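Here the structure is laid out as structure tokens; the discussion comes afterwards.
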Amino acid sequence: MAALTDLGIAAIRDGVRDGAFTAREVAEQFVARVAAARPLNAFITETPEHALAAADAADKARAAGTLAPLSGVPIGMKDLFCTAGVRSTAASAMLGDFVPPYESTVSEKLWAAGAGMLGKLNLDQFAMGSSNETSAFGNVVSPWRRNDGGNAALTPGGSSGGSAAAVAARLCPAATGTDTGGSIRQPAAFTGISGIKPTYGRCSRWGIVAFASSLDQAGAMARDVRDCALMLQAMSGFDPKDATSLDLPVPDWEAGLSADLRGKRVGIPREYRVDDMPAEIDALWRQGAAWLKDAGAEVVEVSLPHTRYALPAYYIVAPAEASSNLARYDGVRYGLRDLPEGAGLQDMYAATRAAGFGAEVKRRILIGTYVLSAGFYDAYYTQAQKIRALIARDFEQAWASCDLLLTPTAPSAAFALGERSADPIAMYLNDVFTVPSSLAGLPAMSVPGGLDGQGLPLGLQLIGRPLDEQTVLNAGLAIEARAGFGERPSDWW
Amino acid sequence: MSVDTATVRRIAGLARIAVSDAEAEAMVPELNNILGWIEQLGEVDTSGVTPMTAVIANTLRLRDDVVTDGDVRDAVLANAPQAEHGFFAVPKVIE
Amino acid sequence: MTTSSYRIQGATGEWEVVIGLEVHAQITSNAKLFSGAATAFGAEPNTQVSLVDAAMPGMLPVPNRECIRQAVRTGMAIEAEINRWSRFDRKNYFYADLPQGYQISQLYHPLVGEGSIAIEPAEGEEKVVGIERIHVEQDAGKLMHDQHPTRSYVDLNRSGVALMEIVSRPDMRSPAEAGAYVRKLRSILRYVGSCDGNMEEGSMRADVNVSVRRPGEEFGTRTETKNVNSVRFVMAAIEHEARRQVDVLESGGRIVQETRLFDPDRGETRSMRSKEDAHDYRYFPDPDLLPLELDEAFIAECRASLPELPDTKRARYRDVLGITAYNAAVLTAEVETARWFERLLAACGDRVTPKAASNWVISDLFGALHRIGKDIDASPVGPEQGAELLALVADGTLSGTLAKQVFEIMLETGDDPAKIVAERGMKQTSDTGAIDAVIADVLTANADKVAQYRDGKEALFGFFVGQTMKAMAGKANPQVVNAQLKKALG
Ligand SMILES: [Mg+2]
Ligand SMILES: [Zn+2]
């Protein structure tokens, strides 16, 4: 029998339904493959028992004729989602032993849809990072290697780096991600998989460790567009426990999939053509436009004049929100406590937070604290939120002349671990193409477009109107069909 | 606007993150670098622009006044570094 | 604004005290402001805590409609601006009773804007105190310091309970005015039903801002004394703090803007070291919540559900019902009293004048309640029974004296007045034949006094009335007795 681990969500779902194999067989093969891939460090916690129990339930459901949409599909869960009874760390020493007595809404929905969990996936600490190097549990190693014969360990991207690496390495058919400024799309691009961040408010944030509340959004990472649609469909939906949740029905995105883009206009934002863009990226972007044209779309140039201010605005808003969201990690009610001999309460806080947070988290908390502090609030935070409004307005104006936007996902292919850690701003620039749509809460997706000269995947980003995930997915499908991206990393580990 | 060691200490104090002298020193250029970079926002004329309040058009929903939660003390205290007699315990606070 | 004559006599002259109050009032609701946990007072530690209140990772706030509604109604009761668009902000600071590391409050866009409250201090003139704003915010948990030698204990039952912070202008100039303000505010809140006003249980507490100045000069530097939990303590804290500030200033010192604590045992305020930390709360809009937008239907329901408020009620009692100003003030001061009195009036119908009813409540009923130590809500005599008693007086069945006796029996037995009168034969008589017979006996037995009376010692008339009433066991109609005596004494 062919390896069941080569199958995606739809194929597993259909195979279980049709009796081609059992859910148990699927789960066992993935569990074994997860265990064999530990050198990638994609998982912080493996939960084979969860995946196997869900598989057994799926096999029973099949017998009883009560299969759910994801019955028999074992997935990976980014360790930013709180899972009841399973350690949930946010890749931080602060929550190293934290076992939530509650289940996030998104994971709850996935279990209700029949999915099982192979484990909790590594990430940048508190989702802050673009390379997975800020995890307190060690960085994830990308399954991809350059074709130069060297064995340089590459980044899978971040923050959903564990999710990306695990899907790319066939450790799970799909995984949850979260995206604050590109944390689903950039790692998806780096590892040659697909990833979608829906409209802000589609997925409940309840039970997801918060980074920046006005930007955080859960999404799906999988090997193809159809699987992303299926997975996202199961994750989305109104949640009365999240005041920013959208009270709207979830469309049947899978049923709506169509690579026929006739009548759609694709905007190419001129300001995304940055000066030092590598030629290969630029070429892929042009290729992407050609593919969409081939699928029937009209390609138009549009302008998003405030694009260059998106990243600095993001690096005010996100750290500001984070500095406040992370204040709860104080060693009083859960998580790490560092109580030096004779320390008072406030000393305990300072010691606990110094010990529990990694360098990047501290850096962002300090930036966030600074920009909110007395005398600076208006110059930084208020100004950033005004610019955010201008960025949102740019997009709105663009929708007058197009239905979706096509851009590269990231300004480069995956880089080597350690290569950019010395310069925070160089690292932040990874998100230059993904951040604007995050600031505006728009649905956006990355799909693989091809390989660069070093044999590393490159991604194309599609950005849609609010709530128009369908057009984003359809354009992704059109690119997927034409790019014919079949490459996968070899099992070198 | 640029920060010095004293500012780093003050900010770290506000954020309750203990920093050694060496760490504070090291953070000065790092933070200045980032702050210098984000300051380019000052170039944008935002007069008359309302700061963003809702990312996606949506209104605040209100909940009914019904007791639906609580009475879960074990869950509340389950992860506590120190819990005694149903309370969280912390080093003594002098008010 | 009228000027208060309250002055502190210092060694170098007179000082005026300037007072502003921030009152935190717990909003009456079943569930907390942002979670579904209960708000009831006195539960076992950490049992009324949801994972949201404990600020577990990933937990999110969802506001309680009733808390917003009650704050809006309160705003309407003080004729304040109601802001159709408001927003929650985070106030960031670290403390063990603050699980999120921030309090969700409203700084930039409060729910309720400017309003005012009229007060009448016991000493001093009526005045209007400006209200700057009312905002809605979360309460913190509770820290217990006396249960363990080296640890403090944290109870989060109060964490997340809804509060209104009612911020006055610095319009008060004496402890008496501040006391009157707190009492009046408490009365309004209880009328509206937005807060039970129970200061002992902490449902209402005041942050007292005090400064002193030479009369007519600029405001001085103020201090804020936190969480003062009774009217008496508010007044004592002001008195002490103003005196302290005068002493500091007169000995050449400067007032430090600081947070202080009132010690009720010593009757003094002291600096709170734990809060000395530089205040930089880094307020910003809570990104977990969208702006709060109120529609007209919501506003209309809030307005329609407002009861008659104490000032209006009092004016109506006085001007429409003809009740004395003093009685009207007393009867409307507390919502329970007014409610009881209005049930009494309803039961009286037009058999008794409101004025007579008000007199009876204030003298007889209040006297009795005070004696037996009960609140009006727990009165052993209900308003319907009271009305029956008053009707018996009004129709001449009972004299005032008899009515008092019947009321005493009602208090003891709980019986209806008609039953008591019937069973005990306590009916007043106006039968002139019976009264004349008794008068004849009294005059015969006191022939000497009759002679003195007729010689001009008219003061003896009262003596004859008393003797007659006594002989008739108080059941004679006093008007008839008077008239018949006049005749008999010629
Ligand atoms: Mg205050
Ligand atoms: Zn307050």
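Being a predicted model, the structure only gives us computed values, none of them experimental. Chain naming here is simple, since letters A, B, ... match the order of the sequence lines and numbering starts at 1 in each.
No side-chain N or O of A:Asp124 forms a donor-acceptor pair with one of A:Ser159 less than 3.5 Å apart. Checked by atom type, the side-chain pair A:Arg388/A:Tyr314 shows no donor-acceptor distance below 3.5 Å. For the residue pair A:Asp216 / A:Thr178, no side-chain donor-acceptor distance below 3.5 Å is found, with atom types taken as modelled. Between C:Arg205 and C:Asn227, the side chains place a donor N or O and an acceptor N or O closer than 3.5 Å (distance only, hydrogens not considered). C:Ser105 and C:Glu137 form a side-chain donor-acceptor contact under 3.5 Å, judged by distance and modelled atom types alone. In this model, no donor atom of one side chain and acceptor atom of the other lie less than 3.5 Å apart for A:Lys78 and A:Ser163. Side-chain contact of A:Ser214 with A:Glu321: a donor-acceptor pair under 3.5 Å is present, judged by distance alone.
Residues A:Asp338 and A:Pro340 are in side-chain contact: their nearest non-hydrogen atoms beyond the backbone lie under 4.5 Å apart. The side-chain heavy atoms of C:Thr39 and C:Ser29, taken from C-beta on, include a pair separated by under 4.5 Å. Using a 4.5 Å heavy-atom cutoff, the side chains of C:Asn83 and C:His109 are not in contact.
With chain C as the partner, the residue from A:Leu372, A:Leu215, A:Thr369 showing the most heavy-atom pairs under 4.5 Å is A:Leu372. Among A:Lys241, A:Gln385, A:Arg328, the residue making the largest number of heavy-atom pairs under 4.5 Å with chain C is A:Arg328. With respect to chain A, the highest number of heavy-atom pairs below 4.5 Å among C:Leu290, C:Asp286, C:Asp288 belongs to C:Asp288. Of the listed residues A:Gly207, A:Ala210, A:Ser324, the one with more heavy-atom pairs under 4.5 angstrom with chain C than any other is A:Ser324. Between chain C and the options A:Thr382, A:Val332, A:Asn325, A:Asp330, the largest number of non-hydrogen pairs under 4.5 Å is found for A:Asn325.
Contact of C:Phe34 with chain A is not made at all, since no heavy-atom distance falls under 4.5 Å. With a 4.5 angstrom heavy-atom cutoff, A:Ser88 does not touch chain C via any of its atoms. Only the side chain of A:Leu345 comes within less than 4.5 Å of a heavy atom of chain C; its backbone N, CA, C and O stay farther away. Looking at C:Asn92, only its side chain comes within 4.5 Å of chain A, counting heavy atoms on both sides. Only the side chain of C:Tyr102 comes within contact range of chain A, with at least one heavy atom under 4.5 Å from a heavy atom of that chain.
Annotation: residues 89-102 of chain A contacts chain C through A:Leu95, A:Phe98, A:Pro101, A:Tyr102 [non-hydrogen atoms, separation under 4.5 Å]. Residues of residues 57-67 of chain C placed with any heavy atom under 4.5 Å of a heavy atom in chain A are listed by number as C:Pro57, C:Gly58, C:Met59, C:Leu60, C:Pro61, C:Val62.
Expressed to the nearest 0.5 Å, how far CD1 of C:Ile134 lies from CG of C:Leu111 amounts to 8.5 Å. C:Thr74 OG1 to C:Arg69 CZ: the interatomic distance, rounded to the nearest 0.5 Å, is 10.0 Å.
Remark: of the listed residues C:Tyr283, C:Phe284, C:Tyr108, C:Tyr108 is the sole one forming a ring-ring contact (aromatic ring centres under 6.0 Å, His included) with A:Tyr377.
In terms of modelled atom types and a separation under 3.5 Å, the side chain of C:Arg84 and the main chain of C:Ile299 share no donor-acceptor contact.
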